[in-house]
Every structure is written in C-alpha cells, then in structure tokens.
A.B. asks: 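Here it is, the structure, as structure tokens.
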2 protein chains.
Amino acid sequence: MSQTVDRALSILPLLAEGPADLGQVADRLDVHKSTALRLLRTLHEHGLVYRQSDQRYRLGARLFALAQEAVENLDVREIAHPHLVRLNENCGHTVHLAVHEDGEVLYIDKVDSRYPVRMYSRIGKPVAITVAAVAKLLLADLPDPERRTFAEKLDYPMYTSRSTPSAPAFLRELDKVREQGWATDLGGHEESINCVAAPIRGTDGRVVAAMSVSAPNVVVTETELLTLLPLVRRTAEAISAEYSGKTPTKETSS
Amino acid sequence: MSQTVDRALSILPLLAEGPADLGQVADRLDVHKSTALRLLRTLHEHGLVYRQSDQRYRLGARLFALAQEAVENLDVREIAHPHLVRLNENCGHTVHLAVHEDGEVLYIDKVDSRYPVRMYSRIGKPVAITVAAVAKLLLADLPDPERRTFAEKLDYPMYTSRSTPSAPAFLRELDKVREQGWATDLGGHEESINCVAAPIRGTDGRVVAAMSVSAPNVVVTETELLTLLPLVRRTAEAISAEYSGKTPTKETSS
DNA sequence: AATGGCCGTTGCGGAGGATGCAATGGCCTC
DNA sequence: GAGGCCATTGCATCCTCCGCAACGGCCATT
C-alpha cells in the first residue's frame with residue numbers, strides 16, 4: 001500500500017538469501033541505485049541491515065532482538081515449553097510446537113531428539129503446509145469456506161509418493177483430522193520420517209497451536225510411533241488446560 | 001533518510017513492547033491514523049506485523065523466519081557450534097557465543113547449562129555491554145580512538161556493586177583485557193554469576209567473536225571457574241583456527 | 001605510473017506518492 | 001435506540017521520494 005515501505009521491506013527477504021551489494025539490491029528491486037541506497041540506509045539506521053566489512057549488506061542484529069521479543073509475547077510457547085521438554089524426556093524424539101498465522105504454519109518451538117539424528121526444521125521456518133501433521137490440525141480448525149478457498153490456493157508439491165497430491169485429497173484429510181482430533185504425517189514430507197500430532201485449544205475450543213512428535217523409521221516404526229499417540233494427546237490437553245487458565249500457574253490466583 | 005520507511009520501521013520496536021491498536025500506533029508516531037493504517041498494512045503484507053483477533057497489532061511471524069535465516073548466514077556460528085557443545089559436555093556450564101555489531105554486542109548462540117539453573121540470556125538479546133566478559137573482549141579490539149569515543153557514550157548502570165562504574169574504569173579494564181587476551185565478569189551483572197571468556201579471531205588477527213562460560217557461584221566458586229580458563233582459551237583458539245581456514249573443514253580441500 | 005572501469009555516493013529538479021482532513025460505517029455501551 | 005469510539009475510505013494538496021547525471025575513490029590492467 002505504501003510503495004516506499006514496500007520496496008524497503010522487500011530488501012529483507014532478499015538479504016536473507018545472503019549478503020548483497022548495492023548494485024544487486026537495486027537490480028533486484030528494479031530501482032535506481034540511489035534509491036536502493038536510501039532505503040538501505042534507513043534500514044541500517046534501524047539496525048535491520050548490517051554493513052559488513054566488504055561493504056556488502058546483510059540482515060542486521062536488531063532483527064534477532066525483535067524476533068525474540070515477538071516470541072516472548074506468544075504466551076502459548078511459554079506455557080507449552082516445559083511440557084514439550086518433559087515429553088521429549090519420556091520418548092526421546094523430536095518435539096515441535098507450531099502456530100498458524102496469515103496462511104502460514106510455522107514452528108515456534110522445538111526440542112531436539114535425544115537420538116543422534118538430524119532433522120531439518122528450524123524454529124521460525126514455514127512448514128510444508130500440505131503434509132505436516134501440525135499444519136493439518138491447524139487448518140482443519142478453520143471455518144469451512146475459508147478452509148476451502150485456502151486449500152484451492154495451495155500448491156501440492158510431491159515431496160514423496162505419499163505427499164498429499166491435491167486440494168480435494170487435502171480437504172478430505174482435514175475432515176478426517178478434525179473428526180479424530182489428531183493427525184499424522186507418514187512419510188509425506190521425507191520418505192523416512194513419521195510424525196504424530198495433537199491440537200492445543202484455547203478457552204473457546206478453537207485450535208491455537210499444535211504439537212507433534214517426529215522420528216525417522218530407522219529409530220521407530222510407524223506403528224511404534226503411533227503407540228505414543230495417547231501420550232502426545234495427554235500432553236496437548238495439559239497444555240490446553242493450562243493455557244485456558246484451568247490450572248493455576250505460578251501467579252497467585254486472585 | 002526516508003521519512004516514510006523510517007516511520008514504518010519505528011512501529012516495530014513499538015509493537016515489541018506489546019500489542020497495540022491503530023490509535024496507539026498513530027499517537028506514538030505522531031501521525032494521522034490513516035497514515036498509521038497504511039504503514040501497518042504494508043508491514044502486514046510483508047508478514048512483519050500480525051493482526052490478532054481483537055484487531056490489535058503485534059509483531060509477526062515472518063520476523064522469526066528472517067532472524068533464523070540471518071543467523072544461518074553467520075558462518076562463525078556454524079563453525080563454533082560443535083566446539084561450544086563439546087565444551088559444555090566437558091564442563092557442564094552455560095556457554096555463550098557473541099558478536100559485535102554497530103555498537104551492540106549480542107549473543108548469537110548458547111548452549112544451556114546441564115545443571116538445573118536458569119540463566120537470563122537469550123539468543124539475539126543485546127548484552128549488558130559494560131560488564132559482560134564477551135563484550136569486553138569485543139570492544140577491547142576496537143581501534144583506540146573509536147574505543148574511546150564509544151566508551152564515553154555509554155551508560156554505566158550499576159547492576160551490582162561490582163559493575164563497571166564509569167568510562168575511565170571501563171577503558172582501563174579494556175586495556176587489561178586486550179593485553180591478557182581473555183576476560184572475566186565476576187558478579188558484575190548478577191551478583192551470584194561469574195563468567196570467563198576468550199576471543200575468536202579471524203585470519204587478520206582481529207576479534208570476530210567471543211565465547212564465554214558462565215556459572216552461578218552456588219555451583220562453582222570464582223576460583224574454580226577460573227581453572228576452566230585454559231580449556232576455554234583452547235576452545236576459542238580451535239574455533240579461530242577453523243574459522244581462518246587453517247583446519248580442513250568438511251569440504252574437499254582444492 | 002598512468003588509465004580505464006566499477007561501485008558507492010551526492011545534489012537537484014520534477015513527478016508521483018504520501019499525508020491529513022473529513023466523512024462513513026460498524027460495533028459496543030449506556 | 002442513541003451516542004460514542006474506532007477502523008476505514010476517498011480525495012485534494014503538498015511534500016518527499018525518485019531517477020538522472022556527475023563526482024570520487026578503489027582496483028586491475030597495460
């Protein structure tokens with residue numbers, strides 16, 4: 001809506017790909033170098049971009065601080081975290097917490113597996129929305145028409161042969177997920193990784209977040225992972241209860 | 001330099017304090033509500049602010065994603081991380097990695113203590129610059145005049161009775177730190193927490209980052225912590241060596 | 001050592017966009 | 001049902017942002 005700001009903000013994802021010099025930025029924005037310079041300077045003054053010693057620009061440190069403060073304002077995360085850690089101590093696998101925001105689903109917390117396996121997911125990274133178990137839970141809770149139009153707009157990349165192939169298939173899956181109150185991703189994103197997830201609900205019963213346990217099938221089979229489902233659901237319910245204020249927190253109850 | 005962008009970006013720290021509605025934002029920016037609305041809309045389209053259900057605005061999720069990608073581009077961090085983890089496994093205490101950027105010092109990595117103690121520090125959070133051991137190392141490496149003017153501009157909050165009280169005291173401390181090649185913070189930030197730190201240097205010998213080990217004196221005394229100094233310095237030197245390319249990394253050496 | 005090219009930087013006039021005003025409409029309260 | 005509060009919109013005015021062109025520093029090339 002505001003051209004100048006729009007251009008300035010477009011620089012950020014651009015620099016996220018890696019450092020760039022003035023000319024590159026100007027080219028990518030399709031503006032004159034002097035314009036790009038002014039925008040970069042303004043971003044710099046706010047600490048959002050940093051000028052490294054070779055004069056190229058990259059994302060700045062203030063961005064971390066802002067992201068940190070943003071995450072601290074999400075109270076679901078704070079409440080959920082100890083539960084996630086405890087779950088990880090019980091089962092040993094990777095635990096994720098995700099929320100839905102403006103058509104994206106993203107991880108806001110993660111407790112790493114205690115097995116020596118790496119999993120490619122990062123806090124803050126958008127989730128593969130058509131296949132991830134947490135995404136299914138979050139989207140299944142949307143009102144019907146919205147869910148429909150949203151599903152139509154999506155791409156359905158076939159990460160593996162078991163990925164959700166199309167909008168109708170996705171909508172059917174969402175219906176199933178909503179009905180059963182939990183979700184899975186069985187090799188839909190990475191062939192060898194399975195995942196079970198459960199929803200976290202607010203006072204009004206709406207899904208505010210979703211959590212999942214993931215493990216590669218070199219560690220546990222699909223069926224073994226599914227035996228964890230009751231534990232995952234209980235954890236999610238405990239978080240829901242605390243989030244809704246049903247359990248007294250540290251604060252003195254008035 | 002660009003008024004419009006400047007105003008837009010000023011909204012971000014404002015929202016970092018907590019959610020705000022349109023009127024509040026307009027007041028704080030000292031602009032008309034319609035102007036604030038347009039700016040907020042632009043920020044929203046880029047995912048930097050999010051409109052919650054009560055119509056108030058807060059910081060958006062894209063900020064995480066950006067911050068994450070920013071941190072991934074810092075190769076010191078990537079190289080240092082395994083070393084930090086190993087150090088943590090050896091001594092059990094909290095390990096920090098920090099860099100200096102535009103007059104701020106901030107943590108870019110952290111490995112939590114294996115003792116059941118909480119430490120108040122977060123990745124991305126600016127460091128208490130006048131007392132933290134890592135900050136002393138990073139600032140001690142600045143060229144003389146710059147260091148001087150910088151020290152003058154600082155505030156010297158007395159977190160504890162052992163905090164650095166003034167610019168001259170700070171400059172003396174920096175001289176000492178530079179000479180000895182390591183730094184401490186003995187109860188200067190929090191009364192009961194001590195800290196030893198060592199510098200990480202690039203090819204040209206300049207300090208590019210600093211790392212530290214921190215522990216509360218309920219766990220180890222000041223002197224006990226100081227016995228870890230050689231280990232900390234060796235770790236820092238190992239990271240420096242690898243960062244300078246003296247040790248072959250995973251890549252095939254050409 | 002001299003030269004050419006590249007890149008960042010600056011000053012300036014014109015044009016396009018951002019600004020603030022005033023009016024509308026939805027929502028909640030009294 | 002009336003009043004007030006807040007978000008939202010259309011519009012005319014003015015300001016500010018834009019692209020141009022010229023400068024200057026730096027590096028590589030001859």
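Just so we're on the same page: letters track the sequence lines, and every chain starts at 1. Remember, predicted model here, so these are calculated numbers, not experimental data.
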A.B. asks: For dA7(D), does OP1 or OP2 lie under 4.0 Å from any side-chain N or O of Arg38(B)?
C.D. replies: no
A.B. asks: Hey, does the side chain of Arg41(B) come within less than 4.0 Å of dA18(C)'s phosphate (OP1/OP2), counting only N and O?
C.D. replies: no
A.B. asks: Between His96(A) and Asp109(A), does a side-chain hydrogen bond (donor to acceptor under 3.5 Å, both in side chains) hold up when you go through it step by step?
C.D. replies: CA-CA 6 Å; His96(A) 279 116; Asp109(A) 204 357; over 6 Å; no
A.B. asks: Looking at five pairs on each end of the helix from dA1(C)-dT30(D) to dC30(C)-dG1(D), what is the angle between the two axes, given to 10 degrees?
C.D. replies: 40°
A.B. asks: Decide side chain to side chain contact (heavy atoms under 4.5 Å, CB included) for Leu48(A) and Leu12(B); before the verdict, give the C-alpha distance in whole Å, the side-chain angles of both, and the deciding distance to 0.1 Å.
C.D. replies: CA-CA 11 Å; Leu48(A) 298 186; Leu12(B) 297 178; 4.1 Å; yes
A.B. asks: Apply the side chain to side chain contact (heavy atoms under 4.5 Å, CB included) test between Ile239(B) and each candidate in Met211(B), His81(B), Arg234(B), Arg201(B); give the one that qualifies.
C.D. replies: Met211(B)
A.B. asks: Among residues at least two apart in sequence or on other chains, which ones pass side chain to side chain donor-acceptor pair (under 3.5 Å) with Arg41(B)?
C.D. replies: none
A.B. asks: Below 3.5 Å between N/O atoms, which protein atoms pair up with nucleotides 24-30 of chain C? Just atom names and distances, please.
C.D. replies:
none

A.B. asks: Quick test of your reading: applying salt bridge (charged side-chain N to carboxylate O under 4.0 Å, His left out), list the pairs with at least one residue in residues 1-28 of chain A, sequence neighbours left out, ordered by first then second residue.
C.D. replies: Glu17(A)-Arg28(A)
A.B. asks: Name the one of Val131(A), Thr164(A), Ile129(A) that satisfies side chain to side chain contact (heavy atoms under 4.5 Å, CB included) with Phe170(A)?
C.D. replies: Thr164(A)
A.B. asks: Who pairs with His44(A) by side chain to side chain donor-acceptor pair (under 3.5 Å), at least two apart in sequence or on another chain?
C.D. replies: none
A.B. asks: Between the side chain of Thr42(B) and the main-chain N/O of Ser2(A), is any donor-acceptor distance below 3.5 Å?
C.D. replies: yes
A.B. asks: Once side chain to side chain donor-acceptor pair (under 3.5 Å) is applied, do any residues pair with Arg178(A), and if so which ones, sequence neighbours excluded?
C.D. replies: Asp175(A)
A.B. asks: Tell me every residue that passes salt bridge (Lys or Arg N to Asp or Glu O under 4.0 Å) with Lys176(A), counting only those two or more places apart in sequence or in another chain.
C.D. replies: Glu173(A)
A.B. asks: Would you check if the side chain of Ser244(A) reaches a backbone N or O of Ser240(A) as a donor-acceptor pair within less than 3.5 Å?
C.D. replies: yes
A.B. asks: Can you sort out which residues in residues 1-10 of chain B have a heavy atom within less than 4.0 Å of DNA chain C? Ascending by number, please.
C.D. replies: Thr4(B), Arg7(B)
A.B. asks: Which pairs pass salt bridge (charged side-chain N to carboxylate O under 4.0 Å, His left out) with one or both residues in residues 48-66 of chain A, sequence neighbours excluded?
C.D. replies: Asp54(A)-Arg56(A), Arg58(A)-Glu101(B), Arg62(A)-Glu104(B)
A.B. asks: With the criterion being N/O to N/O and under 3.5 Å, what pairs connect the protein with nucleotides 20-27 of chain D, and how long is each?
C.D. replies:
from, atom 1, to, atom 2, distance (Å)
dC20(D), N4, Ser34(A), OG, 3.3

A.B. asks: Going by number, which of residues 16-25 of chain A have a non-hydrogen atom under 4.0 Å from DNA chain D?
C.D. replies: none
A.B. asks: Holding to side chain to side chain donor-acceptor pair (under 3.5 Å), I want the full list of residues that pass it with Arg206(A), two or more places apart in sequence or in another chain.
C.D. replies: Asp141(A)
